[in-house]
Amino acid sequence: MASSAQSGGSSGGPAVPTVQRGIIKMVLSGCAIIVRGQPRGGPPPERQINLSNIRAGNLARRAAATQPDAKDTPDEPWAFPAREFLRKKLIGKEVCFTIENKTPQGREYGMIYLGKDTNGENIAESLVAEGLATRREGMRANNPEQNRLSECEEQAKAAKKGMWSEGNGSHTIRDLKYTIENPRHFVDSHHQKPVNAIIEHVRDGSVVRALLLPDYYLVTVMLSGIKCPTFRREADGSETPEPFAAEAKFFTESRLLQRDVQIILESCHNQNILGTILHPNGNITELLLKEGFARCVDWSIAVYTRGAEKLRAAERFAKERRLRIWRDYVAPTANLDQKDKQFVAKVMQVLNADAIVVKLNSGDYKTIHLSSIRPPRLEGENTQDKNKKLRPLYDIPYMFEAREFLRKKLIGKKVNVTVDYIRPASPATETVPAFSERTCATVTIGGINIAEALVSKGLATVIRYRQDDDQRSSHYDELLAAEARAIKNGKGLHSKKEVPIHRVADISGDTQKAKQFLPFLQRAGRSEAVVEYVFSGSRLKLYLPKETCLITFLLAGIECPRGARNLPGLVQEGEPFSEEATLFTKELVLQREVEVEVESMDKAGNFIGWLHIDGANLSVLLVEHALSKVHFTAERSSYYKSLLSAEEAAKQKKEKVWAHYEEQPVEEVMPVLEEKERSASYKPVFVTEITDDLHFYVQDVETGTQLEKLMENMRNDIASHPPVEGSYAPRRGEFCIAKFVDGEWYRARVEKVESPAKIHVFYIDYGNREVLPSTRLGTLSPAFSTRVLPAQATEYAFAFIQDDARTDAVDSVVRDIQNTQCLLNVEHLSAGCPHVTLQFADSKGDVGLGLVKEGLVMVEVRKEKQFQKVITEYLNAQESAKSARLNLWRYGDFRADDADEFGYSR
């Protein structure tokens, strides 16, 4: 054993004992003491000194576990009082000592004096004088020291002190209890009140053996909430210390070993007790953390009764200064500037139950994930119908409630964000998808930790980490406590009740369902809705809570710049200011509660109407901010005046969509009102298809050769690489190839998917439609896409003819012009398709006029002056057919009965 620091002189023989100094570390018994030196760069050397010439009683000893037949040895009378006398007098004190004898086995005997020299109190004499030790038998008083011991013993006998008192000293024998039958009950019975104790042994920095007073329970106490480096036991029985294990042990020993302390018993772990040791000089748990000798542990920090945040703060103190076990520590946010670690931002969107999108003061958007929590998820086997697409928001239990909690609490509000860590991007594995880099932070509003609120309501769970994983919430303990409360109270995910089910019908793009809902929504007037998604400035997806359905909603009365679109094999660029319009709408209404008025719907099943946010009309706001123009359809609306005045104000500012607007002088407006000549510029076309409503599709003769060449190349390519039957999964709006009844492949577009056996397709180069099984469809190669050659079939309608066509009129046209070359002239445009006049290529006869002459259709009277000559010709032909009572007019002029009293008007 290493020797202690010497006071002076060199080592001498027994006749001239050398005076040495040290500090009392531990009292083993009434006559055995451990002395240590001063620490220099680590735990100091220590040695055991046995007091010469005296004997004190032996303390109790527990039977060795390796000897089943051995029994526990109790205290000898007055052994414990002798130990306590020395413990209270010497522990932590500086002493000097001399070694008088050393046995061959290495045991050292000597004298110990309290103080820095031999003039101090002689410890052996004090023990004997108190009647707590005796002179060794057969020891003659042949020197001054032994004479004094003899005198002290005689005085103790005369005063009947200690062992010389009356009785056998049985009352000084402790009833030691080495085990506790029910540790949990034992801990609970103390009700977390401090228990007096003596620390008997320090196993490592955070585990001690304590003697609980006054009942003499000898228990192992683990410090709640922390763990120090330990000593690893090797196969040969030796112990290897982890880094700083010895230093941590000495830190605790030098402050607690054999000190009088109080222990708060907080919980139990097997036969070990979790507790906090209180000393008049401070709390050892917090000191160990602050000095970098320990780390916080999640599994026991929850039972720490003096505030887990104090332990985290102490650990943080050591981490910031890189003390001891944290010498190589790098903070998760070490690479971030202070302004990026803590900032205030506005919440724009809730992505799911653990992520939000915020707008920074710089105007940039940032996705923030809530630290250390996990949103609701599907447990066990996925019971979802494989043919049904999973909608996490509605199909995962409590996901909708969690999202709604965040939406109502945060959307549009300013929050405080404290970044806890940056989780790096991770590649995909067989079971886990790839994740991009994520910023994880603690988000608070009004002093409330949003993650903690979610967890306390049972709408999220807390992630468990490895002990050395420092990437966690700065309020991790509060999250664990909140989860414990939620579990105890059976909240949300922890409830035993039946999980809530959200049956939400998505009628976006479903024309049949939309038609059924339309009258109901029209009658409802203003309906409450939540904006779930913003496709563009004027196109949104809404959730209607009362109707529990999702609809696509188009803003009425405005013409908003169209955004970029990804078509199969083609990227269509957006119009100017389309992105600004989308952003404006997003910031104003996304995930907010709004009111909508549904007026109508389009052919695709999208509802058209007005949207109000906080009393303001979104259509008017878009026009007001020069991000949309007023559409002519707004004339019928009660909001038309508001739209016009907003548009006029935007025009004056000459911003965005009106940046190049130039106000026309009044005098220049007049010529526009003058009669405009009808332009007649006929071009050759090939009629490929005629519909039941008398619309028709034509191909431009000039590009006919290009189509023939493309079809030839495409069919050759298909012949060499035929599509695998059933490999193509059709989606609405997608371009594909389809096998027609003639056995040839043509370019087509998927219009509707009823089932794998019923796919509605539209042949884009010919205008006809067909319902096919998916086995007769294939993927359209980019080499033959609409980017290479646009769709060749263009839809037109007859000008100057009313739309309500009769079957015989359609039959007549089909018979006359389908699959023939004609001449086409565009007369005027309309919302659906251009209206044209069509002539036979050989006779130059007007096809529409011919239908009127045969009494198959009625004339549509238009008031434009440039059409008056043509209209007069059409009306004269209609009068001739009426006079001859042809077809429509076989019963005379039936329109005479279409008076108001019959419910009609001319």
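Keep in mind that the numbers below use all heavy atoms, side chains included, and drop hydrogens, waters and symmetry copies.
- Glu291 CD to Leu289 CG: the interatomic distance, rounded to the nearest 0.5 Å, is 10.5 Å.
- The distance from atom CD of Gln155 to atom CH2 of Trp164, rounded to the nearest 0.5 Å, is 13.5 Å.
- Taking both residues in full, the closest heavy atoms of Leu311 and Ser224 are given as CD1-O, 4.1 Å, listed atom of the first, atom of the second, then distance.
- For the residue pair Thr240 and Arg232, no side-chain donor N or O sits within less than 3.5 Å of a side-chain acceptor on the partner.
- To the nearest 0.5 angstrom, Glu266 atom CD is 7.5 Å from Leu274 atom CG.
- A 4.5 Å side-chain heavy-atom check between Leu149 and Glu125 finds at least one atom pair inside the cut-off.
- A salt bridge links Arg47 with Glu108: the closest approach of a Lys/Arg side-chain nitrogen to an acidic carboxylate oxygen falls below 4.0 angstrom.
- A donor-acceptor contact shorter than 3.5 Å is absent between the side chain of Thr220 and the backbone of Asn272.
- Salt-bridge check for Glu315 with Lys319: passed, with a basic side-chain N closer than 4.0 Å to an acidic carboxylate O.
- Using modelled atom types and a 3.5 Å distance limit, the side chains of Gln192 and Thr305 yield no donor-acceptor pair.
- Cation-pi geometry between Arg327 and Tyr329 is not satisfied (NZ or CZ under 6.0 Å from the ring centre, within 45° of the ring normal).
- For Tyr421 and Asp470, the side-chain atoms include no donor-acceptor pair closer than 3.5 Å.
- At least one cation-pi condition fails for Lys177 and Tyr216: the charged atom is not both under 6.0 angstrom from the six-membered ring centre and inside a 45 degree cone around its axis.
- Under the side-chain contact (heavy atoms from CB on, under 4.5 Å) criterion, Ser165 pairs with Trp78, sequence neighbours left out.
- In summary, the side chains of Thr442 and Asp420 do present a donor paired with an acceptor at a separation below 3.5 Å, with no hydrogens or angles considered.
- Residue Arg464 places its CZ atom among more than 12 non-hydrogen atoms of other residues, nucleotides or ligands, all under 6.0 Å distant.
- With values rounded to the nearest 0.5 angstrom, Glu253 atom CD is found 10.5 Å from Asp204 atom CG.
- Leu218 approaches Glu200 most closely through the heavy-atom pair CD1-CG, 4.0 Å.
- No side-chain donor-acceptor contact under 3.5 Å links Thr461 and Glu483.
- Glu239 and Arg233 are joined by a salt bridge, as a carboxylate oxygen and a charged side-chain nitrogen come within less than 4.0 angstrom of each other.
- Taking each heavy atom of Ile91 and Leu257 in turn, the nearest pair found is CG2-O, 3.7 Å.
- Evaluation of the side-chain contact (heavy atoms from CB on, under 4.5 Å) rule for Cys96 yields Val19, Arg21, Tyr113, Thr118 as partners, not counting sequence neighbours.
- Shown here for Glu153 and Arg135, the closest heavy-atom pair between the two residues is OE2-N, 3.1 Å.
- Between Asp260 and Arg87, at least one side-chain N (NZ, or NE/NH1/NH2) sits under 4.0 Å from a carboxylate O, which counts as a salt bridge.
- Looking only at atom types and distance, the side chain of Ser371 has no donor-acceptor partner in the side chain of Tyr476 under 3.5 Å away.
- Rounded to the nearest 0.5 Å, atoms CG (Leu223) and CD1 (Ile263) are 9.0 Å apart.
- Nearest heavy atoms, Ala129 versus Lys161: O-CD, 3.5 Å.
- Between Val219 and Val221 the shortest side-chain heavy-atom distance falls below 4.5 Å.
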Mind running side chain to side chain donor-acceptor pair (under 3.5 Å) on Asn50 and Gln48 for me, showing each step along the way?
CA-CA 7 Å; Asn50 299 284; Gln48 178 178 329; 3.2 Å; yes
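- Heavy-atom contacts from other residues, nucleotides or ligands closer than 6.0 Å to NE2 of His171 number more than 12.
- Counting non-hydrogen atoms of neighbouring residues, nucleotides and ligands closer than 6.0 angstrom, the CZ atom of Arg209 exceeds 12 such neighbours.
- A salt bridge links Arg312 with Asp477: the distance from a Lys NZ or Arg NE/NH1/NH2 to an Asp or Glu carboxylate oxygen falls below 4.0 Å.
- Arg148 and Glu151 are not joined by a salt bridge, as no carboxylate oxygen comes within less than 4.0 angstrom of a charged side-chain nitrogen.
- For the residue pair Asn147/Glu145, the side-chain donor-acceptor check at 3.5 Å is not satisfied.
- You'll find the side chain of Ile54 stays beyond 4.5 Å of the side chain of Thr134, heavy atoms only.
- A cation-pi arrangement is absent between Arg306 and Tyr304 under the rule of less than 6.0 angstrom and at most 45 degrees off the ring axis.
- In this structure, CD1 on Ile112 lies 10.0 Å from CG on Leu127, to the nearest 0.5 angstrom.
- Smallest separation of non-hydrogen atoms from Ile277 and Asn283: O-OD1, 3.9 Å.
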As a quick check of understanding, evaluate side chain to side chain donor-acceptor pair (under 3.5 Å) for Thr103 and Tyr109, giving each step before the final call.
CA-CA 8 Å; Thr103 66; Tyr109 291 86; over 6 Å; no
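- For the pair Glu478 and Asn449, the minimum side-chain heavy-atom distance is 4.5 Å or more.
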